Engineer: 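Below is one structure. I have some questions about it.
These values consider heavy atoms only, across backbone and side chains, with no hydrogens, waters or symmetry-generated copies. Throughout, residue positions are numbered sequentially from 1 according to the sequence presented. None of these values were measured; they are calculated from a predicted model.
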Amino acid sequence: MVIVISHAWTKDDAEHAEAYMRFSEGFAQFFDDHPGFIRRILVRGQEDRTHFMNLRFFDTVDSYTECTQRDGYVAYTEGMYEHLRPYDGYPREFVDIVMDTGPGEFVRP
């Protein structure tokens with residue numbers, strides 16, 4: 001399993017942040033029925049309320065890459081970007097789970 005983590009900073013912590021969260025909800029259309037998709041979590045910073053991290057769990061990097069090539073994906077992300085501060089590059093990283101602790105184990109849906 002791979003986790004794709006994307007970082008985003010909205011233009012403010014109110015109107016643009018709310019719009020980004022709404023766009024993120026609608027973004028599920030590209031993931032929910034895609035082979036290899038496991039789950040997606042959007043988290044928000046407590047200290048910097050404009051900072052969001054989108055965690056997408058896939059079985060492989062290739063599954064994620066295929067998902068990003070679906071019709072309408074790029075156009076949808078462009079709408080989301082209207083609510084973000086401009087920054088260079090695309091702050092995204094691919095990570096592996098090396099330890100999973102807690103009262104229960106992670107169960108793949």
Engineer: Does Ser63 offer a backbone N or O that forms a donor-acceptor pair with the side chain of His34 under 3.5 Å?
Structural biologist: yes
Engineer: Among residues at least two apart in sequence or on other chains, which ones pass salt bridge (Lys or Arg N to Asp or Glu O under 4.0 Å) with Arg70?
Structural biologist: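 Testing Arg70 for salt bridge (Lys or Arg N to Asp or Glu O under 4.0 Å), a comparison that skips the adjacent residues, returns Asp33.
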Engineer: Ring centroid separation for Phe37 and Tyr64, is it under 6.0 angstrom?
Structural biologist: no
Engineer: Test your reading of the model: is there a side-chain donor-acceptor pair from Tyr20 to the backbone of Lys11, 3.5 Å cut-off?
Structural biologist: no
Engineer: May I ask you to check whether over 12 heavy atoms, not counting those of Asp32, lie within 6.0 Å of atom CG?
Structural biologist: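 For Asp32, atom CG is crowded (more than 12 foreign heavy atoms under 6.0 Å).
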Engineer: For the residue pair Ile3 and Phe58, establish whether any side-chain heavy-atom pair is separated by less than 4.5 Å.
Structural biologist: no
Engineer: Are the side chain of Asp48 and the backbone of Thr50 linked by a donor-acceptor contact shorter than 3.5 Å?
Structural biologist: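 Here the side-chain-to-backbone pair exists.
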Engineer: So Phe31 and Phe27, ring pair (Phe, Tyr, Trp, His ring centres under 6.0 Å) or not? Walk me through it.
Structural biologist: CA-CA 8 Å; Phe31 297 97; Phe27 205 36; 5.1 Å; yes
Engineer: For the pair Asp62 (side chain) and Thr65 (backbone), establish whether a donor and an acceptor sit closer than 3.5 Å, ignoring hydrogens and angles.
Structural biologist: no
Engineer: I'd like to know if the side chain of Gln29 and the backbone of Gly26 have a donor-acceptor N/O pair within less than 3.5 Å.
Structural biologist: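 Yes.
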Engineer: In terms of relative ring orientation, are His16 and His83 parallel, tilted or perpendicular, with 30° and 60° separating the classes?
Structural biologist: tilted
Engineer: Would you say Arg40's side chain and Ser24's backbone share a donor-acceptor pair under 3.5 angstrom?
Structural biologist: yes
Engineer: Can you confirm whether more than 12 heavy atoms, excluding those of Gln46, are under 6.0 Å from its CD atom?
Structural biologist: no
